[in-house]
Each structure stands twice: as C-alpha cells, then as structure tokens.
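To start, the structure under review is shown below, and the notes come after it.
Fair warning: this is a prediction, and the values are worked out from it, not measured in the lab.
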Amino acid sequence: MLTRRTVLRAAALAPSLGLFHPADLPRDRLLNWLRSLQTRSTDRLLIGQEISAWSAATYGEFVDGLERKTGKRPAMVGVSLLEPGDYDTRTIDKLLDHKGRGGLVTISTHWTHPWGDYPSEGKYYVRNSEAPKPDLRQLLSTAPDSSPKRAYWAQVADLVAVLNRFSDTVVLLRPFHEMNGPWFWWGHDVTVPRTALIDLWRDLHQYLSTRFTNLLWLYSPATSWNAAIRHYYPGAAYVDLAGFDLYDDELRPYQPGHRPDADDWTETRNLSHPAGLAEFGPAGDAYPRGAQTLIDRSLDTYTTAIFAHSWYSWTDTQSRSLVQQPDITAALNQPQILTLEGVTW
C-alpha cells in the first residue's frame with residue numbers, strides 16, 4: 001500500500017534531485033484531471049450512482065441494469081457506510097468490481113449516533129432536531145476516554161478497514177454530509193451558532209491522512225434551509241472537492257430570500273473547488289420530467305459542474321435511480337455527459 005510514510009521517505013531521499021513531486025501521486029493527478037473538466041463544454045459531467053448499503057443486489061439493479069438498458073455504466077459508484085454489522089459488506093465487493101472496470105469509487109458515512117439517542121427510523125438521526133446536541137469535541141482523538149468516543153472510533157476503524165481494500169486506487173471520501181442540517185447527530189445544532197463539526201472533520205482528516213495518500217475529500221452540505229453552505233467548511237487544506245445534496249423535482253438550487261444573489265450552487269462554487277451535485281434526486285418519489293431535468297439543469301445552471309451523483313430508490317414506489325428514468329438512454333448520450341466509457345483518468 002502506498003502510505004504517507006513511503007511518500008515522505010521518498011521525498012526526503014530525493015528532494016534535490018527533482019525525483020519526487022506531490023503531483024506524482026495518483027490522487028493529485030486525478031484531482032488535476034477533475035479540475036480540467038470545469039472548462040470543458042463536452043465530456044465534463046461525471047455521472048454517478050449510489051447503491052444501497054443494505055443490499056449488494058442493488059449494484060446489479062442500478063449499475064449493471066443501467067448498462068443493460070443504455071449500453072453505458074456510471075463513471076462513479078458509491079456506498080454509504082453504516083455501523084459495522086449494519087450494512088451488507090458485499091457492497092464493498094461491488095465497489096471493487098466497479099474499480100476494476102476503471103470506475104471511480106465514492107464512500108460516505110451514515111454512522112450510528114455515538115450517544116445512542118436515535119429514533120427507530122435510523123441510527124444516524126436525532127430524535128428531536130430542535131433539541132441541543134452533545135458536544136462533538138468529546139469524540140476528538142485527543143478527548144478523554146468515554147463510551148461515545150469508543151463508539152465513534154470503532155466506526156472510524158471500520159472505515160479504515162474498508163479503505164485498506166482500495167489502497168491501489170483513489171477514493172472520494174464524503175464524511176459528515178448534510179452537516180448544515182439538524183437531522184443527523186453530527187449536524188447543525190439550532191440552539192447554538194455553530195457546533196464543533198469543523199474540529200471533528202479536521203481531526204478525522206489528520207488521522208486518515210497519516211494512513212492514506214489516496215483520498216479526495218468531498219465537502220457536501222445540504223440545501224441551506226438551516227445554515228449556509230459554507231457554515232461548516234473546514235478550510236481549503238481539508239477539502240479537495242465541493243458539492244451539495246439536492247432533492248428537488250426540477251433540480252434547481254435553493255435560493256434563500258435573505259441572499260437572493262447567492263443560491264446554493266453559487267455558494268458552492270465560491271468555495272473554489274471542483275464542484276457538483278454530491279447527491280441528487282426528486283423531492284417526491286419520481287421526477288415529473290425524467291432524466292431531461294438533469295440535462296436541462298446541466299446546461300442552464302450547473303454549467304461548470306463536474307459530477308452529478310444520483311441517489312437510489314429505497315422503496316418499490318420510488319423511481320429515483322438513473323436506470324428508472326424512461327429517457328435515460330437519450331440523456332446519457334448528451335455531449336456534456338461523461339459515463340465510464342468516456343473517462344480518461
């Protein structure tokens with residue numbers, strides 16, 4: 001595995017000879033390629049598809065199924081890790097299959113509430129989004145030992161074990177997503193100006209960066225109903241890519257009335273990272289206009305976006321996934337769209 005120790009040792013051995021450059025790392029080469037997509041008019045919007053962490057079979061349904069229907073595969077495939085034992089570990093095998101085909105892997109986290117105060121609909125939610133939240137500083141690597149800290153770091157250890165399986169490829173890592181909303185335990189606390197999420201992000205970044213040199217960190221807030229897009233931005237040194245999670249029938253970015261000249265997409269672009277839709281889907285169970293919605297917005301709104309990652313359908317009544325759109329074949333053949341078959345990384 002290419003470790004940070006290996007990289008630093010190589011840099012120390014040959015700095016004066018010009019034999020080592022940070023851009024030689026695969027992650028940096030990929031990041032430079034992703035940056036180059038921003039100025040393209042064609043082949044610039046990477047299409048992604050999330051699969052369910054609870055069922056590896058959704059890879060066959062949503063990814064293989066897309067190829068059967070359209071002849072194309074998504075460039076990106078993602079899974080969101082749950083508490084160890086709560087997700088289908090075969091989904092990681094499916095990510096490895098996608099990686100083996102030359103695809104880009106994304107991993108996010110829906111970790112269990114370390115304090116255990118979660119509702120029946122999900123271990124990562126809070127019971128009351130209006131109530132004060134526990135202090136996230138209790139989870140930092142430098143914090144005193146506690147039961148919540150041990151619960152949190154057991155989940156980090158599982159993430160490390162998963163990432164070890166991808167040591168020969170770049171992984172887009174998206175922790176603590178939708179942190180500006182109050183529904184997750186790591187999310188915004190409406191009773192205080194700001195939580196310690198930035199500290200927790202930086203702590204995790206430091207911990208993983210001593211073990212891996214193949215991660216691209218994706219900052220991914222939610223629609224800014226409760227706090228602004230950049231409210232929990234940890235800084236350029238801790239983020240490589242930016243996006244936001246959007247669920248809207250027309251995929252239009254939210255435009256708060258108190259800042260009418262800065263909708264969520266503008267705010268995301270102002271972070272100055274390569275950016276896109278980190279998650280997207282309709283507000284309801286299906287898009288009223290199918291995949292044409294994404295095509296229209298990619299041309300009139302997200303003109304510099306480099307990725308759009310579709311969430312999946314988790315009930316039989318939903319039609320959120322790419323393969324379920326009746327016009328998906330025509331959509332994937334639009335010149336700005338980039339599927340696995342067209343990538344050159």
Next item on the list: Output the distance between atom CD (Glu83) and atom CD (Gln155), rounded to the nearest 0.5 Å.
Entry: 5.5 Å
Check: Do the side-chain N and O atoms of Thr195 and Asp189 include a donor-acceptor pair separated by under 3.5 angstrom?
Finding: no
Check: Hey, are Thr266 and Asp263 close enough side-chain-wise for a donor-acceptor pair under 3.5 Å?
Finding: yes
Check: Among Tyr125, Tyr87, Tyr124, which residue meets the ring pair (Phe, Tyr, Trp, His ring centres under 6.0 Å) test with His110?
Finding: Tyr124
Margin query: Just to verify, what does Arg252 make a side-chain contact (heavy atoms from CB on, under 4.5 Å) with, not counting sequence neighbours?
Written below: Asp248, Glu250, Arg297
Next item on the list: Check the angle between the aromatic planes of Tyr152 and Trp185 and answer parallel, tilted or perpendicular using the 30° and 60° thresholds.
Entry: perpendicular
Next item on the list: Taking all heavy atoms of Ile229 and all of Ala222, pick out the closest pair and write down the distance.
Entry: CD1-O, 3.6 Å
Check: Do NZ/NE/NH1/NH2 and the carboxylate oxygens of Glu341 and Lys72 come within less than 4.0 Å?
Finding: no
Check: With a cut-off of 6.0 Å (strictly less than), are more than 12 heavy atoms of other residues, nucleotides or ligands near CG of Asp316?
Finding: no
Check: Run the side chain to side chain donor-acceptor pair (under 3.5 Å) check on Ser298 and Gln336 step by step: do they pass?
Finding: CA-CA 8 Å; Ser298 70; Gln336 72 273 29; 2.9 Å; yes
Check: What do you reckon, are the aromatic ring centroids of His177 and Phe184 less than 6.0 Å apart?
Finding: yes
Margin query: Please find the pair of heavy atoms, one from Leu271 and one from Arg230, that lie closest to each other, and give the distance.
Written below: CD2-NH1, 3.3 Å
Checklist line | Taking every non-hydrogen atom, the tightest pair across Asp158 and Leu81 | finding: OD2-CD1, 4.3 Å
Notebook entry, point to check: Any side-chain donor-acceptor pair under 3.5 Å between Glu279 and Tyr247?
Noted result: yes
Margin query: Taking Asp97 first and then Arg101, would you say they form a salt bridge - that is, a charged N and a carboxylate O separated by under 4.0 Å?
Written below: yes
Next item on the list: Using the rule that two of Ile, Leu, Val, Met, Phe, Trp, Tyr join whenever any of their side-chain heavy atoms come within less than 4.5 Å, decide whether Tyr233 and Leu197 are in one cluster.
Entry: yes
Checklist line | Atom CZ of Arg137: over 12 foreign heavy atoms under 6.0 Å | finding: no
Notebook entry, point to check: Which residue pairs satisfy the side-chain hydrogen bond (donor to acceptor under 3.5 Å, both in side chains) criterion with at least one member in residues 43-56, sequence neighbours excluded?
Noted result: Glu50-His309
Note to self: Under 4.5 Å between side-chain heavy atoms, counting indirect links through other Ile/Leu/Val/Met/Phe/Trp/Tyr residues: same cluster for Leu34 and Tyr219 or not?
What the structure shows: no
Notebook entry, point to check: In terms of ring plane angle, is the pair Phe280 and Tyr287 parallel, tilted or perpendicular, where the classes change at 30° and 60°?
Noted result: tilted
Notebook entry, point to check: Would Trp186 end up clustered with Tyr238 when hydrophobic side chains under 4.5 Å apart are linked, directly or stepwise?
Noted result: yes
Notebook entry, point to check: What heavy-atom pair brings Asp264 and Pro253 nearest, and what distance separates the two atoms?
Noted result: N-CB, 4.2 Å
Margin query: Under a 3.5 Å threshold, yes or no: a donor from one side chain and an acceptor from the other, between Ser220 and Asp245?
Written below: yes
Check: Can a salt bridge be assigned to the pair Arg165 and Asp93 using a cut-off of 4.0 Å between side-chain N and carboxylate O?
Finding: yes
Check: How many angstroms lie between OG1 in Thr42 and CG in Leu37, if you round to the nearest 0.5 Å?
Finding: 10.0 Å
Next item on the list: Run the ring-centre check on Trp265 versus Tyr302 and record whether the distance is less than 6.0 Å.
Entry: yes
Next item on the list: Give, for atom CD1 of Ile47 and atom CD of Gln334, the distance between the pair rounded to the nearest 0.5 Å.
Entry: 11.0 Å
Notebook entry, point to check: Same cluster for Phe176 and Val192 if Ile/Leu/Val/Met/Phe/Trp/Tyr side chains link at under 4.5 Å?
Noted result: no
Check: Hey, do the aromatic rings of Tyr207 and Trp153 have their centres closer than 6.0 Å?
Finding: yes
Notebook entry, point to check: Have Arg29 and Asn32 got a donor and an acceptor in their side chains that come within less than 3.5 Å?
Noted result: no
Notebook entry, point to check: How close do Ala262 and Glu267 get, heavy atom to heavy atom, and via which atoms?
Noted result: CB-OE2, 3.4 Å
